[in-house]
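Below: the structure, in structure tokens.
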Amino acid sequence: MITAPTPEDVIEMLREEGIADLPAGFPAEGDLFAAGMDSMAVMQLIVVAEERFGAVIAPQDAGRENLGTPLDLAALIGRRMA
Amino acid sequence: MTCDVLVLGAGSAGLAAAVTAARQGASVILVERHGFAGGMGTASLVHTFCGLYLLDGDQPVLANPGFPAEMEERMRLATGSGPAKMGRVWVLPQHPVEFVRIADALIKESGVQVLYHTEALAARREGDTWHIDLAGRGGIFSIATKSVVDASGDAVFAAIAGAATATTDAATLQRPAYVFAIQGASEGESGLALAGRIVDGVRRGLLSKDSLGLHFRSSGRAGETFGTIDLSGTEDGGYDPLNPACLSALEIAGRGIAATAIDFLKQEAAGWSSAYISQWPVRVGVRESRRWIGRHILTAEEVLAGTRHADDIALATWPLEFRETNRGPKLRYPENGLAAGIPLGSLIPRDLERVFVAGRCLSCDHGAQASIRVMGTCFATGQAAGAAAAQAAAL
């Protein structure tokens, strides 16, 4: 059983997959888009979230309110896990 | 035909070299395979000038004086758009159609003689003169010149003159970009929602995985949007940007991904039902191919350390932008945030006289090339090569 990710899990995933080059100590409520995540990176992110967590992120989920911080992103992945 | 300076290639570097040499009083012939100048910024629809400005800061600061600053000013006037900050870098949006017009004006004003629709075939040196065989549709003809600037992007002159070159292995070469223009989607779904839409299309098997890198940006003109795909480069086996068969496969793959994606978005994305592809690029956007081996080989370590040399001719301000896969850029910034110098030695071939190199094929390693390949830096290295070639021709 895969458990829902924490914001720290999300930060680690973004680093490991090369989606966002986050500095050490990046906060759970830090702005991922200000840290360089763009729409191309978001495509990778959606693919990786499905591969790792089985979370299907729909087009209407793909907004800053859901993807903007590790905290928001961890919550979205948790909600969309099958 | 004779001239003081022959410039191969009228991309960002070659245009800068030709105009600079002509302004210094040299007679200049500029040789270009397409029917217009601008290279990647026109033929490949690359619509951003990178490398014009210093890193960071609250305001954009031009890194290199002279030709790069002049191009920046002319483009701002033409488009009405100023620089924008993306993360730590400043960029200037540019329009390929305006680039062509600006280049035509610069060529005319400076007195450069341009030969479009021409390719270089062979070169030999007799005394102080280079004899270069060129091909047009009417046949092969020869030009005698005192000095040469290779701004071909592919180190073409090194190949035809038998000089030493270096090429990164096929698996590590920077991947090519495919840029096309569309109309009728500027009011439609965009940004993250569109990114989510494309992933959804891939998930449902309607789009291939190659579509995952596709992204869109307004061209700055009413109704017009540019779409950009990073290609894997392995559409036809190993990636070889000097092989016409490989390039042909890339062109076909780029068009296929673009057309399928636009058909999908017309069906599914809000506000896209009337969208259509309005322009294909003349050629796929190659980022890296063959490089010269010069007196100095600029390295990634030098760029990352902000190294300066006694014979620096320009500053490299763009981070190392690696595109070794088609899954987005990996940027590496200099540790101290300082721009490195590009020395004249990287513009002078190790074994040839009166030949100078500019643009993405100057003498550097794969990592440094990931910084110096951008158009803003090509304007600066082109300017320096043009000045050096004019001086050498006057000796």
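Residue numbering restarts at 1 for every chain, and letters A, B, ... go by the order of the sequence lines.
In this structure, the portions of B:Leu212 lying under 4.5 Å from any heavy atom of chain A include both its backbone and its side chain. Proximity to chain A (any heavy atom under 4.5 Å) is shown, for B:Leu194, by neither the backbone nor the side chain. Looking at B:Arg203, only its side chain comes within 4.5 Å of chain A, counting heavy atoms on both sides. The part of B:Ser211 that comes within reach of chain A is its backbone (N, CA, C, O), which places non-hydrogen atoms under 4.5 angstrom from that chain. The contact between A:Glu50 and chain B is made entirely by side chain atoms (from C-beta outward), counting heavy-atom distances below 4.5 Å.
No side-chain donor-acceptor contact under 3.5 Å links B:Thr307 to the backbone of B:Ala340. Remark: side-chain polar atoms of B:Arg217 are not paired, donor with acceptor, to backbone N or O of B:Thr228 under 3.5 angstrom.
In terms of heavy-atom pairs under 4.5 angstrom with chain B, the leader among A:Val56, A:Leu67, A:Asp61 is A:Val56. Between chain B and the options A:Gly36, A:Ala34, A:Gly18, A:Ala41, the largest number of non-hydrogen pairs under 4.5 Å is found for A:Gly18. With respect to chain B, the highest number of heavy-atom pairs below 4.5 Å among A:Ile46, A:Asp38, A:Ile19 belongs to A:Ile46. Each of B:Ala269, B:Gly87, B:Ala193, B:Pro329 has some count of heavy-atom pairs under 4.5 Å with chain A, and the biggest count is that of B:Ala193.
Aromatic ring pairs are classed by plane angle as parallel below 30°, tilted from 30° to 60° and perpendicular above 60°; the pair B:Phe180 and B:Phe216 is perpendicular.
Two residues are said to be in side-chain contact when any heavy atoms from C-beta on lie closer than 4.5 Å; A:Ile2 and A:Arg52 fail this criterion.
Taking CG of B:Leu45 as the reference point, atom NE2 of B:His95 lies at 8.5 Å (rounded to 0.5 Å).
A salt bridge does not link B:Glu288 to B:Arg323: none of the charged nitrogens lies less than 4.0 Å from a carboxylate oxygen.
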Check the pair B:Arg373 / B:Glu321 against salt bridge (Lys or Arg N to Asp or Glu O under 4.0 Å), numbers first and verdict last. CA-CA 9 Å; B:Arg373 72 163 183 266; B:Glu321 183 191 322; 3.4 Å; yes

